[in-house]
**Q** 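Right, I'll just put the structure down here and ask away after.
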Amino acid sequence: VCQQLPSPLLPGQFFTCTATYTVTQADINAGSVTNIASATAMNGANPVTSNTDTVNVPAVQLPALSLDKTTTTVNYNQVGDTILYSYKLTNSGNVPLTPPYAVSDNKIVAPNAVSCPQTPDPLMPGDFIFCTATYTVTQADLTAGSVVNVATASAEYNNQPVNSNQDTETVPAIQLPALSLDKD
């Protein structure tokens with residue numbers, strides 16, 4: 001938007017034109033917005049064009065990953081019970097993240113690793129995926145009274161790791177102490 005006064009614009013005089021631009025995801029991904037402009041006016045019937053001028057506005061790229069771990073298992077009461085875990089990985093930053101998408105969980109060890117899809121690639125800001133894992137209850141878990149596990153998730157941005165927050169889930173045991181006696 002350019003004002004049209006003063007008219008004529010005398011040597012040494014100036015006025016300011018303004019414009020707005022709405023940033024796109026592609027601009028954030030690129031790391032900046034580069035804008036090139038030139039101006040025109042008339043000298044009688046002849047057009048006059050200015051030099052070009054460039055302004056570069058850098059983007060603040062904030063790769064981030066959020067983890068929300070849940071389970072539908074309310075409790076357990078015997079060795080061999082299984083606890084199903086669900087891990088929601090959300091791109092909470094402003095740039096796309098790429099695989100490998102992974103979850104590290106202190107209770108889930110090989111060969112029963114956390115299973116994560118590797119698509120979509122990339123994971124756009126605001127989008128999420130779900131990973132899953134199961135854990136088999138041991139006698140030590142029954143004795144301890146609960147299974148407490150801690151997990152973190154990871155993805156990549158520009159071939160650099162992006163780690164999530166740490167999330168903990170606790171599933172209590174139903175401990176049923178009992179003693180039986182058979183006397184002959």
Side-chain angles (χ1 to χ4, degrees), residues 22-33 57-184:
T22 302
V23 173
T24 66
Q25 184 64 54
D27 297 325
I28 295 171
N29 297 353
S32 66
V33 172
V57 180
V60 177
Q61 295 175 318
L62 301 169
L65 184 65
S66 298
L67 171 64
D68 182 23
K69 181 174 64 168
T70 59
T71 182
T72 55
T73 306
V74 177
N75 51 47
Y76 60 92
N77 63 6
Q78 64 185 354
V79 172
D81 281 354
T82 57
I83 301 172
L84 175 63
Y85 292 105
S86 177
Y87 309 81
K88 183 179 181 182
L89 283 62
T90 303
N91 181 343
S92 53
N94 66 354
V95 290
L97 300 177
T98 57
Y101 308 127
V103 173
S104 174
D105 190 309
N106 70 323
K107 289 289 186 181
I108 311 298
V109 294
N112 301 323
V114 177
S115 175
C116 291
Q118 299 303 302
T119 56
D121 179 8
L123 185 64
M124 298 303 288
D127 288 350
F128 56 88
I129 61 169
F130 284 98
C131 302
T132 58
T134 57
Y135 175 73
T136 303
V137 172
T138 66
Q139 182 60 54
D141 299 323
L142 275 170
T143 303
S146 65
V147 171
V148 179
N149 72 343
V150 181
T152 56
S154 62
E156 288 189 353
Y157 175 68
N158 280 344
N159 296 318
Q160 296 298 314
V162 177
N163 295 316
S164 74
N165 57 295
Q166 195 175 70
D167 198 6
T168 302
E169 194 71 34
T170 301
V171 178
I174 297 175
Q175 294 174 318
L176 302 169
L179 180 64
S180 61
L181 172 65
D182 184 13
K183 181 176 136 187
D184 288 337

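Position 1 is the first residue of the sequence, and the numbers go up from there.
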**Q** Under 3.5 Å, which donor-acceptor pairs do the side chains of residues 168-184 form with other protein atoms, sequence neighbours left out?
**A**
from: Q175; atom 1: NE2; to: L142; atom 2: O; distance (Å): 2.7
from: Q175; atom 1: NE2; to: T143; atom 2: O; distance (Å): 3.2

**Q** Working to the nearest 0.5 angstrom, can you tell me the gap between T138 OG1 and D81 CG?
**A** 11.0 Å
**Q** Ignoring hydrogens and geometry, is there a side-chain-to-backbone donor-acceptor pair from D121 to T98 under 3.5 Å?
**A** no
**Q** When rounded to the nearest 0.5 angstrom, what distance separates CG in N163 from OG1 in T152?
**A** 6.5 Å
**Q** So, taking the atom named OH in Y87 and the one named CG in D68, what distance separates them when rounded to the nearest 0.5 Å?
**A** 12.0 Å
**Q** Of all heavy-atom pairs between N29 and P96, which one has the smallest distance, and what is that distance?
**A** OD1-CD, 2.9 Å
**Q** Enter the distance from D167:CG to K88:NZ here, rounded to the nearest 0.5 Å.
**A** 12.5 Å
**Q** Under the side chain to side chain donor-acceptor pair (under 3.5 Å) test, which residues partner Q118, sequence neighbours left out?
**A** none
**Q** Where is the tightest heavy-atom contact between Y101 and T119, given as atom of each residue plus distance?
**A** CE1-N, 4.2 Å
**Q** Where do P125 and Q25 come nearest, in terms of heavy atoms and distance?
**A** CG-OE1, 3.6 Å
**Q** Less than 3.5 Å apart, which donor and acceptor atoms pair up between the side chains of residues 129-137 and the rest of the protein, not counting sequence neighbours?
**A**
from: Y135; atom 1: OH; to: D141; atom 2: OD1; distance (Å): 3.3
from: Y135; atom 1: OH; to: D141; atom 2: OD2; distance (Å): 2.7

**Q** Ignoring hydrogens, what is the shortest heavy-atom contact between C116 and V103? Give both atom names and the distance.
**A** SG-CG2, 3.9 Å
**Q** Out of curiosity, E156 CD to L123 CG, how far, rounded to the nearest 0.5 Å?
**A** 13.0 Å
**Q** Y157 versus Q61: any side-chain heavy-atom pair under 4.5 Å?
**A** yes
**Q** Can L62 and N94 be said to form a side chain to side chain contact (heavy atoms under 4.5 Å, CB included), step by step?
**A** CA-CA 6 Å; L62 301 169; N94 66 354; 3.7 Å; yes
**Q** For the residue pair V150 and N106, establish whether any side-chain heavy-atom pair is separated by less than 4.5 Å.
**A** yes
**Q** Grab the two heavy atoms, one from S32 and one from P58, that are nearest each other, plus how far apart they are.
**A** CB-CA, 3.9 Å
**Q** Using atom types as modelled and distance alone, determine if a side-chain donor or acceptor of T71 lies under 3.5 Å from a backbone N or O of T73.
**A** yes
**Q** Supply the atom-to-atom distance I83 CD1 to N149 CG, rounded to the nearest 0.5 angstrom.
**A** 7.5 Å
